[in-house]
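Chain letters run A, B, ... following the sequence lines, proteins first, then strands; residues in each count from 1. Computed from a predicted model, the values in this text were never measured in an experiment.
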Amino acid sequence: MRSFIGRDILSLKDWERAEYFRVFEIADELAPVARNRSNCDLLSDKTLLTAFYQPSTRTRLATEAAMHRLGGHVLGFSDAKMTRAGDFYQESIKDTVHMLEYYGDVIAMRHHQQGAPHEAAKWASVPVINCGDGWGEHPTQVLTDLYTIWKERGTIDGLHFMCIGDMRMRTMHSIGYAMAQFDVEATLISPPEMSPTDEFKQELADLNLRFREVKTSAEAIADADVIYMEPVVQADYTKARVEVTEDKGITPAAYRVTRELLRDKAKPDCIILHSLPRMDELPTDVDHTRHARYWEEAFNGVVMRMALLSLILGAME
Amino acid sequence: MRSFIGRDILSLKDWERAEYFRVFEIADELAPVARNRSNCDLLSDKTLLTAFYQPSTRTRLATEAAMHRLGGHVLGFSDAKMTRAGDFYQESIKDTVHMLEYYGDVIAMRHHQQGAPHEAAKWASVPVINCGDGWGEHPTQVLTDLYTIWKERGTIDGLHFMCIGDMRMRTMHSIGYAMAQFDVEATLISPPEMSPTDEFKQELADLNLRFREVKTSAEAIADADVIYMEPVVQADYTKARVEVTEDKGITPAAYRVTRELLRDKAKPDCIILHSLPRMDELPTDVDHTRHARYWEEAFNGVVMRMALLSLILGAME
Amino acid sequence: MRSFIGRDILSLKDWERAEYFRVFEIADELAPVARNRSNCDLLSDKTLLTAFYQPSTRTRLATEAAMHRLGGHVLGFSDAKMTRAGDFYQESIKDTVHMLEYYGDVIAMRHHQQGAPHEAAKWASVPVINCGDGWGEHPTQVLTDLYTIWKERGTIDGLHFMCIGDMRMRTMHSIGYAMAQFDVEATLISPPEMSPTDEFKQELADLNLRFREVKTSAEAIADADVIYMEPVVQADYTKARVEVTEDKGITPAAYRVTRELLRDKAKPDCIILHSLPRMDELPTDVDHTRHARYWEEAFNGVVMRMALLSLILGAME
C-alpha cells in the first residue's frame, strides 16, 4: 500500500480497497479521543491551514475540530471575501499556494472551481486535502460516510446502495468511485435534469460497478441496505457562494424518503445517511426511526478527519 | 447548590444567590492568570465552539480569550454568512446542534432569535452558553457586571442601581433577574418607546425587586451607587445583523450621564458600568473621573468567562 | 540598543541600523522551526490578537502562522464587518483598544486609517504591531523584505534598489525609511499620478538617502541589485475594503519587469522581491528565472513575524 505520509487527498478515483480499510482502522483507534471529549497532543507541533473559498459549516468545522482534538493549531480563511486572493487581483492558485504552504503543514481547501485543489497540490510543498471542489469530488465526506456504514453495518461488501439526489454533486462522484472498490450494487435516483453525466456513468461502468437508474425512491427502497441522500435543489457550485436557483418548494415524492415509505417498504436494517443540511427530502420525523444514522455520520466526520490528518502528517501509520 | 458541571448558562432567571458568589470566588481564583498575562493549561484538552449568528466583538472575543487563557482550543463562526446554517437551507437549530456538539465541548451561541440557545441546549450533548439571544438575555455580560460591582464596591447588597437605556435590551432583562437575588433597589430610566414591557415589570415584581421608573438621569443620579448604562438607539435584534433604525443624533439629556451631572449630583463612590460600544450617552470625558469602571468591566469580561468555562467543564469546583 | 520587550512596531522611521541586524539574527535563530515544520512552545502561554479592519491574506496569516509556530494562541477578527467596532457605533480606537488589550498579549492591527495603530498603541497596555495603516507604513512586510535581501545577497550595504510601483503605498514608505539606514542607492519608478509625495521625498533627503526618480524600468534595471515591486493599480486604502478604481488592463511597459528585460539588461545576480498579489507587472514566466526571490520572501514573512513576536514578548533577547 502506498504510504499515507505526505499524500494529497484529492479524489477517491485512485484509492484502492485496502486503503479504505487502513483509514477505517486508524479512525477506530482515534475515535475514543473524540468520544471521550479530550484533546490529545498527537499533532500539537503541527498547523492546519484551511483555505475555504466557499463558506462551509460542516466540512470546515469538522476538519478544524479534528485538528484541535489532535492538539494541533489551525488558521485560515472561511470565505473568499476574507482574503485578497479572492478579490480584484484574482490571484492564481500557484501564487496563492506559494504563500499558504508556509503558513501550515497541511492545506484543507474548498473551492468553487473544479480541480482547484489538484492545481494547489501541484505547487504545494505540503499535502492538500480536497474539501469539495465545485462539481468535482468531496473525498473526506465520502470516507466519513463509508466509515459510518462500515461501523453501523459491520461490512460494506454485500450491501445495496440507493443513492438519491442531484447525481452531479461532488459527493455523488466520490461515492461512485468508492463503491466500485467494494462488492456492492447501486441504484441511482435523480430528477432528469440532475441525472449522472454520461461521462460519469462510463467511468462507473469502467470500474465495473453494478448500478442501475430508477425513477423513484418507492421503486428502489425495498432493495436498499444503505440510503445515501442529497437534496435536489439546483445548486451552482461554480459561484464563490453556492447559489441555489430553484425555489424551496416541496421536493417531489420521487426523491423523498419518508417515514411511511420506510415503514411500508424498507428492509428492517436499512440505514440512512445524509451529509446535511437537508430540505424536505428527508422529513424530520425520520430522525426518530432506527434507520437514521446521520447524527453518527456527523460525529464520524470529526473522527475521519482525525484519521486522515494523523496519517498524512505521519503521526499514525 | 446545583453543580456547575455540564450546566447550560441560558438565563439568570433561575440563578440562586449562592451561585453568584460561587462564580465570583472562582473568578477571583482565576483572575491572576489573566492579570499576569500568562495562559495556563487548565482546559488544554478542551475545545470551545463559538456559534455567532450575529457579529459581535466583545462577547465573542472575551469568551474566546478566556478559553485561550485556560489553554484551550477554539473554533467556530462569527457571522451567519460564514455558515451554510444561515443560508438558503435555513437549517433548524436541532440539525445544526447535532453537528456542532461534535466539534467542541461547550457551545457559546449568539443568535438573533430569542430562545435559540435554549433550543440548542435541548438537543446538545454539551453545555450551551447564551451569548445574547435577540431581545432575550445576556447572562455572561451581566455576571461580568455583577462581579465588577462586587469587586469595586465590596458588596452588591445595599446598593442602589440606576439602570438607564433601552429597557427592552437583553442585558436589562438579565440584570433585572439578577438584582432580585440581592438586597438592592433599582431605578429604571428609558425613553417611553423603550420602556420595560409590562410582562418584564410583572416578573420583577414577582421576584420582589424594589424598583421604580423615573424620566431622567438627573432625577435619579443622587441615589445611585451603580449606574448601569446602555445606549438608547433603536436596535432590531431580530435581524442577523443588528439594524439600528434611529439616526445617530445627540442622545437626549435625560438618558445621558455627563461629567457635569456626576460632579453636581452623584455620590462620591458611585460607579458607572457600560458594556460598550457607546454613543454620546456617556461622553468620553467621564473616562477621567473616578466613577468610570467600564475598563475594569472589560477586563472582568475575560475573567468571568474563564470562571464559567472552567466551572461547566469541570476544571474548577 | 533599545530593548524590544514590550515595544510597539509602528513605523521604521525611528529604527536604527543595529536594530535591523538584531532582528535578522533572531530570525536566523528561529528559521529552523519554520523550515522543519514543527511548532515549538516558546510562546505557548501567550495570545496574539489580530484586529484586521481590512481583509488581508498574507499579512494576517503570516502573523498568525508565526504565533502558531511559536506555540501561541490566536484570536481576533479579519474584517471590519465581523466586528461591531466597525459598525454603526463607529467606536473610537481608544474604546476598542480598552477591550482588545485584555484579549491578547500583543495586538496586530491593520486599518484603513493612517495612524490608527499609533493611536491604538497610545492607549494599549500591550504592544501593537502595525500590519498596514492606510497609506502609512507596513513595517513587518519591509522587515521581511530586508531580511530576504540580507539572506539572499549576504549584505544590504552596497546594493542598488530599484523601487517600482505606486510610490504612495505603505510598503514604499517603510522601505524608504529603512534604506536610509544602509549604504544603498535607490531608483524610484512610478506613473506620474503615483509618484512619491514631496513630503516623503523631503523625508528621504533629510535621512540622507541617495535616490533618483526615473521614468521606466528599462532605464534603471541595469543598475539594480534589488528590484522591489508593487502593482500600479490605483488602490484606495481609506476604504474598509481596498477599492481598486482602475481597470485591470495591461500595466504599461515602463512599470513592468519582464523576462526579456531581465535577460537583456539585468545584472546576473539581481534579485526581485514582490510582496504579492501581482497583476501583470511581473509576468509569471519570471518565476522560472534565478532572479525571482518572492517565494523566499513569502517564507521569510513567517520567520520575521516569529522574530518580532518573540522579541517584543520577551521570549528571545
Side-chain angles (χ1 to χ4, degrees), chain A residues 5-6 41-53 55 64 67-68 70-107 109 119 122-127 240 312-315, chain C residues 33-41 44 48 50 52 54-74 77-79 81-82 231 233 235 241-248 274-279 282 284 287 292 294-303:
Chain A
I5 298 178
D41 58 5
L42 208 55
L43 292 181
S44 61
D45 65 343
K46 296 294 179 187
T47 303
L48 164 69
L49 190 290
T50 50
F52 274 62
Y53 289 79
E64 294 187 357
M67 193 64 181
H68 288 301
L70 297 167
H73 292 253
V74 179
L75 79 169
F77 53 88
S78 56
D79 189 350
K81 292 203 191 69
M82 292 300 94
T83 166
R84 292 186 66 195
D87 75 0
F88 180 80
Y89 294 92
Q90 293 288 331
E91 187 170 61
S92 73
I93 294 280
K94 179 188 169 188
D95 278 19
T96 302
V97 162
H98 279 332
M99 128 185 89
L100 300 181
E101 66 180 332
Y102 302 125
Y103 301 160
D105 304 313
V106 53
I107 298 172
M109 177 180 281
E119 173 73 8
K122 193 173 138 187
W123 297 109
S125 57
V126 297
I312 67 183
L313 289 171
Chain C
V33 175
R35 203 170 304 276
N36 298 338
R37 297 196 164 285
S38 175
N39 303 337
C40 67
D41 58 3
S44 61
L48 164 69
T50 50
F52 274 62
Q54 283 186 322
S56 153
T57 315
R58 283 166 171 76
T59 306
R60 179 175 68 84
L61 292 179
T63 309
E64 295 188 355
M67 193 64 180
H68 288 300
R69 280 279 177 251
L70 298 167
H73 291 254
V74 178
F77 53 89
S78 55
D79 189 350
K81 292 203 191 71
M82 291 300 94
V233 292
R241 182 170 297 269
V242 177
E243 308 256 333
V244 180
T245 51
E246 200 144 285
D247 75 289
K248 288 177 67 178
H274 191 307
S275 61
L276 305 176
R278 58 178 153 184
M279 302 198 55
L282 180 63
T284 55
D287 303 359
Y294 25 96
W295 311 136
E296 285 79 4
E297 189 185 2
F299 171 74
N300 288 333
V302 178
V303 175

Q.
Given heavy-atom pairs under 4.5 angstrom as the criterion, report whether the side chain, backbone, both or neither of C/Ala62 touches chain A.
A.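 Its backbone and side chain both get close to chain A.
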Q.
Report which part of A/Val74 has an atom under 4.5 Å of a heavy atom belonging to chain C: side chain, backbone, both, or neither.
A. backbone
(Q) Tell me whether C/Asp287 is salt-bridged to A/Lys94, with the criterion being a basic N under 4.0 Å from an acidic carboxylate O. (A) yes
**Q.** Side-chain ion pair, C/Arg58 and A/Glu91, N-O less than 4.0 Å
**A.**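 So C/Arg58 pairs with A/Glu91 through a salt bridge.
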Q) Which pair of heavy atoms, one from A/Asp45 and one from C/Ser38, lies closest together, and at what distance? A)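 Heavy atoms of A/Asp45 and C/Ser38 come nearest at OD2-OG, 3.3 Å.
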Q: Grab the two heavy atoms, one from C/Val302 and one from A/Tyr102, that are nearest each other, plus how far apart they are.
A: CG2-O, 3.6 Å
Heavy-atom distance under 4.5 Å between the side chains of [X] and [Y], does that happen here?
X	Y	value
A/Met99	C/Ser275	no
A/Phe77	C/Arg60	yes
C/Leu61	A/Leu75	yes

Q: Apply salt bridge (Lys or Arg N to Asp or Glu O under 4.0 Å) to A/Asp95 and list each qualifying residue two or more places apart in sequence or on a separate chain.
A: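 Only C/Arg278 meet the salt bridge (Lys or Arg N to Asp or Glu O under 4.0 Å) criterion with A/Asp95.
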Q: Using the test ring-ring contact (aromatic ring centres under 6.0 Å, His included), find all partners of C/His68 that sit at least two apart in sequence or belong to another chain.
A: A/His73
(Q) Using the rule given for side-chain hydrogen bond (donor to acceptor under 3.5 Å, both in side chains), can you reason through A/Thr47 versus C/Asn39, listing the C-alpha separation, both sets of side-chain angles and the distance that settles it, and then say yes or no? (A) CA-CA 8 Å; A/Thr47 303; C/Asn39 303 337; 3.0 Å; yes
